[in-house]
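In what follows, a single structure is set out as structure tokens and then discussed.
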2 protein chains.
Amino acid sequence: MARQNQRITESQQSMLSFIQDYILTNGRPPTFRDIQHGANISSLSMVSHHLDALRDAGEIEFSEGSSRGVWVKGLPKPGDFMRVPMCGVITCDGEHGVPTPDADALRNAEDWIPVARSLVGNAKMEDLYALRASGDSMIDAMINDGDLIIMHRNFDYKDGGLYAVMLSDRNETTLKRVFKDGKKFKLKPENPRLKPFWVDAQTTQLQGRVVCVVRAM
Amino acid sequence: MARQNQRITESQQSMLSFIQDYILTNGRPPTFRDIQHGANISSLSMVSHHLDALRDAGEIEFSEGSSRGVWVKGLPKPGDFMRVPMCGVITCDGEHGVPTPDADALRNAEDWIPVARSLVGNAKMEDLYALRASGDSMIDAMINDGDLIIMHRNFDYKDGGLYAVMLSDRNETTLKRVFKDGKKFKLKPENPRLKPFWVDAQTTQLQGRVVCVVRAM
DNA sequence: GGTATAATAGAACAAAAGTTCCCTTAACCT
DNA sequence: AGGTTAAGGGAACTTTTGTTCTATTATACC
């Protein structure tokens with residue numbers, strides 16, 4: 001019997017909440033019997049019945065004929081996210097630096113930051129890493145002390161972009177706005193107190209491009 | 001036979017990749033037979049065998065005796081994330097405004113932004129919503145035109161915090177830094193071009209507190 | 001080359017999980 | 001009250017899915 005889109009009953013609502021909690025806690029959907037016991041439904045046929053109603057109401061979807069096929073509509077899936085390795089602190093003021101992490105460092109990082117895929121466009125996961133910004137030399141670029149910065153290490157150079165810059169003769173890495181100027185780079189701290197300066201392109205490597213800035217408050 | 005932590009073979013690696021892809025694509029783990037066909041393993045017993053090896057190598061974990069119990073270690077689980085409803089644009093300069101969305105508006109939002117739970121601390125999902133910042137009146141607070149702002153609508157007031165402020169007599173909502181000043185609020189645009197101003201606490205509602213700022217570049 | 005050991009394939013088996021059927025109970029309407 | 005319809009309960013049944021067993025093939029070692 002076809003059921004119209006209609007209000008769901010109380011037990012259906014409690015089933016829905018249980019399914020959602022189960023997925024969030026366990027990372028996989030529950031079985032019918034899990035639902036029966038978890039949501040205190042009296043019989044398996046009632047579970048089946050209510051699932052039909054929930055689907056007709058547009059609250060869930062499920063693939064028939066396979067186990068653990070229930071999914072709450074709109075619940076984020078693991079594929080909506082990437083995890084990005086946290087590779088240290090970058091002092092916008094210079095002095096200390098972190099080199100671009102290599103493939104091994106990326107794979108073996110201890111801290112991983114989950115990032116919504118929609119934030120970083122079509123970047124590949126292997127190309128991304130995260131840094132914590134330190135110092136205030138980039139405040140005019142809206143980057144503050146403590147901000148989380150997602151970097152891309154295989155970028156196309158664009159003049160005027162924000163980059164992690166490695167100055168090999170000084171052994172320091174720093175976050176700056178970069179302009180190409182003949183055989184030199186112009187590095188511009190985005191802070192009115194600090195002056196831009198020029199460095200030799202020979203001894204300079206652009207290690208990564210800023211893709212995304214995240215600040216928790 | 002107990003197996004030491006050891007390098008995994010080529011077919012085990014390909015199984016591992018398949019399982020990961022399957023979870024990312026489908027949101028639930030595969031069955032043994034899914035793995036067999038997806039990773040081109042010749043027999044079910046080989047799947048079982050390789051799964052043991054992968055577990056001994058620390059690459060996966062699985063709950064025995066239940067279906068679709070495989071999980072790739074380190075893969076983010078749905079519970080690591082929340083989705084936050086996108087509720088419109090807030091013009092930092094004033095003029096137009098969006099009211100705090102009510103429970104219904106939150107539930108029925110069209111756009112949802114996936115957000116890592118670690119970003120928003122222990123905030124409850126029902127309390128959060130997202131706005132798109134427009135205008136440049138908050139540039140000194142490091143909020144730029146186009147930034148994504150995560151708001152909390154059940155907050156504890158803290159002097160000097162960033163809030164979405166509703167001025168009911170002017171019917172406008174705007175993003176400002178707020179200080180309490182007797183029976184008035186001092187609203188401070190964070191832009192040297194703009195002056196702070198005072199409003200009557202009677203006609204003012206703090207609709208949400210800025211929890212997090214995200215900028216894609 | 002022969003023997004021991006591990007890897008493999010295939011099938012059978014057992015447990016888990018989805019589906020259906022039938023009977024009972026409650027609600028509703030005239 | 002009687003009849004109709006929807007909701008509920010329980011169990012049997014079928015399919016899916018995990019597990020195990022054995023025979024076979026490949027590999028390594030002496």
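Naming convention: chains lettered A, B, ... in sequence-line order (proteins, then strands); numbering from 1 in each chain.
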Review point. Taking atom P of dT8(C) as reference, at what distance in whole Å does atom CD1 of I41(B) sit?
Key: 9 Å
Check your understanding: Quick one: does S17(A)'s side chain have a donor or acceptor within less than 3.5 Å of a partner on Q13(A)'s backbone?
Key -> yes
Review point. At under 4.0 Å, does any side-chain N or O of H50(A) touch on OP1 or OP2 of dG8(D)?
Key: yes
Practice item. State which residue, out of D147(A), D145(A), N144(A), fulfils the side-chain hydrogen bond (donor to acceptor under 3.5 Å, both in side chains) condition with R215(A). Key: D147(A)
Exercise for review: Starting at atom CE of M46(A), determine the distance to atom C1' of dC22(C), rounded to an integer number of angstrom.
Suggested key: 13 Å
Review point. Taking CZ from R28(B) and C1' from dT17(D), how many angstroms apart are they, rounded to a whole number?
Key: 12 Å
Check your understanding: Do we get R55(A) above F62(A)'s six-membered ring, with its NZ or CZ under 6.0 Å from the centre and within 45° of the axis?
Key -> yes
Check your understanding: Does any N or O in the side chain of D34(A) come within less than 3.5 Å of the main-chain N or O of T31(A), such that one atom is a donor and the other an acceptor?
Key -> yes
Point to revise | Donor-acceptor under 3.5 Å (R132(A) side chain, G146(A) main chain) | key: yes
Check your understanding: Could you state the CG-P distance from N40(B) to dT8(C), rounded to the nearest angstrom?
Key -> 14 Å
Point to revise | Interatomic distance, H49(A) NE2 vs dT24(C) C1' [rounded to whole Å] | key: 15 Å
Practice item. Indicate whether OP1 or OP2 belonging to dT17(D) is found under 4.0 Å from a side-chain N or O atom of S67(A). Key: yes
Exercise for review: Provide, to the nearest angstrom, the distance between the CG atom belonging to L51(A) and the P atom belonging to dA17(C).
Suggested key: 15 Å
Review point. Is a side-chain N or O of D80(B) found less than 3.5 angstrom from the main chain of K77(B), in a donor-acceptor match?
Key: yes
Point to revise | Heavy-atom donor-acceptor pair, R68(B) side chain to P29(A) backbone, under 3.5 Å | key: no
Practice item. Specify the separation, in whole Å, of atom CD of Q36(A) and atom P of dG8(D). Key: 14 Å
**Study point:** Proximity to the side chain of S43(B) - top-ranked nucleotide from dA17(C), dG10(C), dG10(D)
**Key:** dG10(C)
Check your understanding: Can you check the R68(A) CZ to dA16(C) C1' distance for me, whole Å?
Key -> 9 Å
Protein N or O to nucleotides 19-29 of chain D N or O, pairs below 3.5 Å:
| unit_1 | atom_1 | unit_2 | atom_2 | d |
| --- | --- | --- | --- | --- |
| dT19(D) | OP1 | G65(B) | N | 3.2 |

